[in-house]
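Following: one structure in structure tokens, then a few remarks.
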Amino acid sequence: VQLQAFGGRLVQAGGSLRLSCAASGRIFSLSIMGWYRQAPGKQRELVARIDSFGSTTYGDSVKGRFTISRDNAKNTVYLQMNSLKPEDTAVYYCHYRTDIDYWGQGTLVTVSS
């Protein structure tokens, strides 16, 4: 499975951004797709994930601000990020899980104060 993520850029605090990640290759009908992030000097953490049925999980720091969604026909997952804060600055990694974990290359989100 190959994952290609798009959408990271510089944005001001309070702004919005949408990330997208398209999966290709050996696609399974049942999978969990999601986003993790890693800030400098910190461990990678869950941002949000969604399963094939639309059930979602969010990290505590993004609840109420970020929304994850997926288009199963396009094998694509989206992350709508609103009310961005400087502490949201990180490399965001797309994740795809079936019987194996797959990771995208990461896209940098920088939130300026």
Side-chain angles (χ1 to χ4, degrees):
V1 175
Q2 294 78 45
L3 301 171
Q4 192 164 17
F6 301 94
R9 61 175 176 85
L10 174 65
V11 63
Q12 287 190 333
S16 297
L17 200 59
R18 189 171 92 147
L19 305 182
S20 61
C21 175
S24 61
R26 188 167 174 250
I27 302 300
F28 290 77
S29 58
L30 298 178
S31 65
I32 298 173
M33 298 186 75
W35 295 92
Y36 287 72
R37 67 186 183 187
Q38 188 166 19
K42 295 188 176 182
Q43 290 187 331
R44 190 173 295 190
E45 63 174 358
L46 171 70
V47 177
R49 61 177 177 239
I50 183 169
D51 68 17
S52 299
F53 304 102
S55 179
T56 59
T57 302
Y58 292 92
D60 288 340
S61 61
V62 307
K63 286 179 181 177
R65 299 188 298 123
F66 291 10
T67 303
I68 191 169
S69 61
R70 68 187 282 173
D71 184 333
N72 289 330
K74 296 181 179 180
N75 299 313
T76 300
V77 63
Y78 305 96
L79 184 69
Q80 178 65 44
M81 304 186 290
N82 298 328
S83 302
L84 283 161
K85 305 175 181 179
E87 49 264 43
D88 294 317
T89 295
V91 177
Y92 284 69
Y93 294 93
C94 181
H95 177 245
Y96 182 92
R97 172 180 290 176
T98 57
D99 55 339
I100 302 174
D101 288 329
Y102 299 90
W103 294 93
Q105 81 282 6
T107 185
L108 177 62
V109 173
T110 303
V111 184
S112 63
S113 57

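Because only heavy atoms are used, hydrogens play no part in the values below, and waters and symmetry mates are left out as well, while side chains stay in.
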Could you give the distance from [atom1] ([X]) to [atom2] ([Y]), rounded to the nearest 0.5 Å?
X     : Y     : atom1 : atom2 : value
Met33 : Asp71 : CE    : CG    : 10.0 Å
Thr89 : Leu84 : OG1   : CG    : 8.5 Å
Leu30 : Asp99 : CG    : CG    : 11.5 Å
Phe66 : Thr56 : CZ    : OG1   : 14.5 Å
Arg9  : Leu19 : CZ    : CG    : 10.0 Å
Arg70 : Ser31 : CZ    : OG    : 4.0 Å

Answer whether the closest heavy-atom distance between the side chains of Thr67 and Tyr78 falls below 4.5 Å.
no
On the 0 to 90° scale, with breaks at 30° and 60°, tag the Trp103-Tyr93 ring pair as parallel, tilted or perpendicular.
perpendicular
Can a donor-acceptor pair be found, under 3.5 Å and without considering hydrogens, that links the side chain of [X] to the backbone of [Y]?
X      : Y     : value
Ser52  : Ser29 : yes
Thr107 : Tyr92 : no
Tyr58  : Ile68 : yes
Arg65  : Ser83 : yes

The single option from Lys85, Arg37, Glu87 passing side chain to side chain contact (heavy atoms under 4.5 Å, CB included) against Ser61
Arg37
Residue from Thr76, Asn75, Val77 passing side chain to side chain contact (heavy atoms under 4.5 Å, CB included) with Cys21:
Val77
Hey, any chance [X] and [Y] share a hydrophobic cluster, counting ILVMFWY side chains that come within less than 4.5 Å of each other, even indirectly?
X      : Y     : value
Val111 : Tyr36 : no
Ile50  : Tyr96 : yes
Tyr102 : Ile27 : yes
Val1   : Ile32 : no

For [X] and [Y], work out which heavy atoms get closest and say how close.
X      : Y     : answer
Ala23  : Leu3  : CB-CD2, 3.6 Å
Ala39  : Ala90 : N-CB, 3.8 Å
Val109 : Met81 : CG2-CE, 4.0 Å

What residues, two or more places apart in sequence or in another chain, satisfy side-chain hydrogen bond (donor to acceptor under 3.5 Å, both in side chains) together with Ser16?
Asn82
